[in-house]
Amino acid sequence: MSSQKVKKNVTEPVIARSAATKQSRSSVPYIKVSSIIPNIDLSVNLAGIKMKNPILTASGICGYGLEYLPYVDLTKLGAFTTKSITLEPRDGNPPPRLVETRAGLLNSIGLANVGLEKFIKEKLPQTARLKIPIFVNVAGKTIEEYKAVAEQLDAQPSIAALELNISCPNVACGGLEFGVEPKQAEKLVSEVRKVVKKHKLIVKLTPNVTDITELARAAVAGGADILSLINTLRGMAIDVETRRPILPRGVGGLSGPAIKPVAVYCVWRVYNEVAKANGIPIIGIGGIQFWPDALELILAGATAIALGTVMYVNPNAPVEILAGLEDYCRRHKVNRLADLIGMAESPRAV
Amino acid sequence: MFRATIVENFPLRRHGLQGNYLIQVQIGQDVICRPGQFFKFDLTEQLDKEKLKIVEAKNDHSVLQIKNLSSSNDFMTRQPLLARPYSVGLCENTGKQTPITFLYKILGPGSKRLSDLNVGQTLTILGPLGGNSFYLPKKKKCALMVAGGVGLPPLLFLSRQLLLLSEGISSVHLFVGANTSDKLPLHADFAIGKNIKNVKGLPAIFQHLADPRMTIQISTDDGSEGHRGLATELLEQYLKKNDGEQESVIYTCGPWRMMARTAAIAGEHHLPCQVSLEEMMGCGIGACQGCATKIKSGNAKGWEYKLVCRDGPVFDANDVYWDKE
């Protein structure tokens, strides 16, 4: 009986696919076609946080969510991550803050944000209206500052998780000193963990280290529920006419398609060496432009994936990527997208 | 976000190495733009989307048609990565399909690709963006505009709106500067023959330049056209001749130094001055904080970072810190 059922599920999409091709030729909207086919389950469970699909925005990309509302329906996302919040408001770095590079973007924003108080009072109530899980990114100069921000945010019921930014390359004290030293990282995470009682705790890792798995282990030992990786890679651009670095601090964070292979590798290693054994889900971030990029990260071990720079180019990317993932599942006869997490084959030489 | 269809796309002058182009697009619905506002053009190679065969239903991004999705992603690149902002040169509400006109100059791979697009082809544009636009202050009757290179389009748009829509505007004086004659983003007829008789033959963006209340003066660095020198010198000459005229307002858009000089001249003559600033932009809608610029403020520090895309691009010249670098 059950085998018959499985068989039916397998054959049905094939028939429906040919139907889909015919119908799309006569320009019938795709969505109508999908109703013929058994729905692909795109939902994922991120350490207990139920997301209707695996796509979220990376921190710092969509501000507090309000800015993008006139242009994109953010409610279609699986979750939303805010910009980094610090205890006090921050102006950010002097301009220029952005440099476009080949297949990438160097930024030096410097954690410009409205500060914790204004965020809770003015921004969060509006962000919460998205009615999707809200992740709030937290940054600080000291363990005390991280704790103070985390404690107050833990009391906000509209938040689903806090993401500890221990990997910002763009401020002198932006947490990166915690992010490159495993002992420091473990100490920070365990201290913050003490005050984060209600919400899930995400720790965002930097690729600017010798071995990212050491930091991942430290974060898990400190009590992280979820790992997100990678933050931007440190980079620099020099104006050859003036011979001066373009960004005010010289260094900037590189994002965009250029860093995707780094992200895939980091996720793959952290998943296989740390996360899988500890049952810790990963949010994969780094250079996703199209659905195959997203899928690569999922196959490498990411439960959810966050979009960054691509949102600047194509605010419609989440919808396009979801459509691509759904189509892939249909072609490969996968009923649940979550079944693909970490399903990358072993490299041939292993 | 709109899927825009190209109605016109041609070089303003056929000869010249770095050509200035005019592009007119239609977005299939009505849109209201103010002078100073801009659109972001996605100038990525179409290759990716065409190979992916993602066909977007017109103006409804929630509905997608997908055919033959390929899983090979080696062909998928975005070059250039970011969308390019272009100021609106003309956008008049006609009721149904508002055509929007832009002027642009080939400066890199993005604008090169834009110039290669043919009439009938489509591209994705986002806008109108920009929270603050040019406006006519009360009791001002004479508009003085200083434009540098591709800073011209928003001022063309503004001058047209002032002449056609603002009651009580008595004159508009436009001072346009460029390195050389062939880099002027003006229609060839305007730059070469000074007296335009057949206005109807011109693109709409230039037609109002023949209005009797309108004057244009051109300056080039090498003297190949008009005044040899800077556009700001033309402004100074004008203000010397019309000293004490307090009904004027100054608008400027162009290179930083030109705008800084214009702001200083406005200050000397106690005239209000509005400037349209430019900074490298990421999102264009106020989320990424990339295009911050230092603006005077009433807070304790006396200044704050404002975003060119959301809080500008137009600012009061008095509020800008001109002494950068």
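Residue numbering restarts at 1 for every chain, and letters A, B, ... go by the order of the sequence lines.
- The parts of Pro94(A) that come within reach of chain B are both its backbone and its side chain, each placing non-hydrogen atoms under 4.5 angstrom from that chain.
- Across all non-hydrogen atoms, the minimal contact from Leu81(B) to Glu100(A) is N-OE2, 2.9 Å.
- Note on Val99(A), Leu66(A), Ile61(A), Thr309(A): by heavy-atom pairs under 4.5 Å with chain B, the leading option is Ile61(A).
- Contact annotation for Gln289(B): both backbone and side-chain heavy atoms come within less than 4.5 Å of a heavy atom of chain A.
- In this structure, the portions of Tyr68(A) lying under 4.5 Å from any heavy atom of chain B include both its backbone and its side chain.
- Side-chain contact between Arg97(A) and Tyr305(B): present, with at least one pair of heavy atoms (C-beta onward) separated by less than 4.5 Å.
- When side chains are defined from C-beta on, Cys283(B) does not count as touching Glu67(A), because their heavy atoms never get closer than 4.5 Å.
- The CE atom of Met281(B) lies 13.0 Å from the OH atom of Tyr312(A); values are rounded to the nearest 0.5 Å.
- Pro95(A) places a side-chain heavy atom less than 4.5 Å from the side chain of Glu279(B).
- Atom CE of Met280(B) and atom CG of Asn107(A) lie 11.0 Å apart (nearest 0.5 Å).
- The side chain to side chain donor-acceptor pair (under 3.5 Å) test applied to Asn137(A) returns Ser59(A), Ser84(A), Glu163(A), not counting sequence neighbours.
- The SG atom of Cys288(B) sits 8.0 Å away from atom CG of Leu105(A), with the distance rounded to the nearest 0.5 Å.
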